[in-house]
Engineer: 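Supplied in structure tokens, the structure appears directly below.
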Amino acid sequence: RLDWSFVRISCMGFINAFCVPHIDTVGTNNVARVDIAKKMLLEAHFDPSYEAPVFGLGVDEKAVVAYEEGKITIISAGDRHDGLGPATCYILFVDGRN
């Protein structure tokens with residue numbers, strides 16, 4: 001199916017953040033996941049039902065975010081699919097300009 005879009009879901013509640021898996025890829029809808037993540041964060045930032053600040057974790061393909069006892073650990077399982085270094089994770093936030 002090519003006409004899909006992301007949805008927001010509530011998860012386990014350990015971290016009050018968005019999590020965008022495979023952020024370094026383009027979906028089957030030909031839209032970069034990072035662009036969709038930016039749009040969703042902006043929408044949430046201006047939505048009064050979300051607790052501020054709104055931030056997210058962007059997780060590359062081949063990377064893992066592990067949360068244990070209040071600490072976040074990033075684990076890389078190799079290079080990014082585009083060859084631009086090791087797979088990692090990113091903190092996504094709205095800075096007032098974007």
Side-chain angles (χ1 to χ4, degrees):
R1 187 173 137 183
L2 297 178
D3 62 343
W4 61 272
S5 115
F6 285 100
V7 294
R8 294 181 206 163
I9 60 170
S10 295
C11 291
M12 299 176 85
F14 294 126
I15 303 171
N16 185 20
F18 283 84
C19 184
V20 183
H22 314 287
I23 197 161
D24 59 331
T25 65
V26 173
T28 56
N29 61 354
N30 292 320
V31 178
R33 287 177 177 245
V34 68
D35 293 337
I36 296 168
K38 288 177 186 178
K39 181 177 184 269
M40 289 180 76
L41 280 171
L42 276 172
E43 288 172 357
H45 180 75
F46 293 109
D47 183 337
S49 67
Y50 279 88
E51 184 180 324
V54 177
F55 73 98
L57 300 171
V59 184
D60 282 344
E61 204 164 292
K62 297 184 181 177
V64 174
V65 175
Y67 180 81
E68 184 176 19
E69 297 180 8
K71 296 179 184 178
I72 293 176
T73 303
I74 308 304
I75 302 166
S76 180
D79 286 341
R80 289 172 39 122
H81 74 281
D82 57 13
L84 296 177
T88 191
C89 299
Y90 311 88
I91 297 174
L92 310 171
F93 62 95
V94 177
D95 67 4
R97 296 174 291 167
N98 299 314

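Values below: all heavy atoms of this structure, side chains included; hydrogens, waters and symmetry mates excluded. For the single chain, residues carry numbers from 1 onward in sequence order.
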Engineer: NZ/Lys62 to OG1/Thr25 distance, rounded to the nearest 0.5 angstrom?
Structural biologist: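 Output value for this atom pair is 12.5 Å.
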
Engineer: Does the side chain of Lys38 come within less than 4.5 Å of Val34's, by heavy atoms?
Structural biologist: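 SC-SC contact between Val34 and Lys38 confirmed.
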
Engineer: Nearest heavy-atom pair of Ser76 and Ala87: which atoms, and what distance?
Structural biologist: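 Between these two residues, the closest heavy atoms are OG-O, 2.9 Å.
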
Engineer: Just wondering, more than 12 heavy atoms not from Ile91 lying within 6.0 Å of its CD1?
Structural biologist: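 No, not enclosed.
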
Engineer: Taking all heavy atoms of Phe93 and all of Leu41, pick out the closest pair and write down the distance.
Structural biologist: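 So the two residues come closest at N-CD1, 4.2 Å.
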
Engineer: Under a 4.5 Å side-chain heavy-atom rule over Ile, Leu, Val, Met, Phe, Trp and Tyr, are Ile75 and Val59 clustered together?
Structural biologist: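 No, separate clusters.
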
Engineer: How close do Ala37 and Ile23 get, counting heavy atoms only, and between which atoms?
Structural biologist: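 Smallest interatomic distance, heavy atoms only, reads CB-CD1, 4.2 Å.
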
Engineer: If you measure from CZ on Phe55 to CG on Leu92, what distance do you get to the nearest 0.5 Å?
Structural biologist: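 Between atom CZ of Phe55 and atom CG of Leu92 there are 10.0 Å.
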
Engineer: Can you list the residues that meet the side-chain hydrogen bond (donor to acceptor under 3.5 Å, both in side chains) rule with Glu61, with sequence neighbours excluded?
Structural biologist: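 For Glu61, no residue satisfies side-chain hydrogen bond (donor to acceptor under 3.5 Å, both in side chains) once neighbours in sequence are set aside.
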
Engineer: Linking I/L/V/M/F/W/Y whenever their side-chain heavy atoms sit closer than 4.5 Å, directly or via other members, would Leu42 and Phe18 fall into one cluster?
Structural biologist: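 Yes, Leu42 and Phe18 fall within the same hydrophobic cluster.
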
Engineer: Can you tell me which residue among Ile74, Asp24, Val65 is in a side-chain contact (heavy atoms from CB on, under 4.5 Å) with Thr88?
Structural biologist: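 The passing option is Ile74.
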
Engineer: Hydrophobic side-chain clustering at under 4.5 Å (ILVMFWY, transitive links): who's grouped with Val26? Put none if nobody.
Structural biologist: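 Members besides Val26: none; it forms no cluster.
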
Engineer: Closest approach of Val64 and Cys89, non-hydrogen atoms and distance?
Structural biologist: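 Heavy atoms only, the tightest pair is O-SG, 4.1 Å.
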
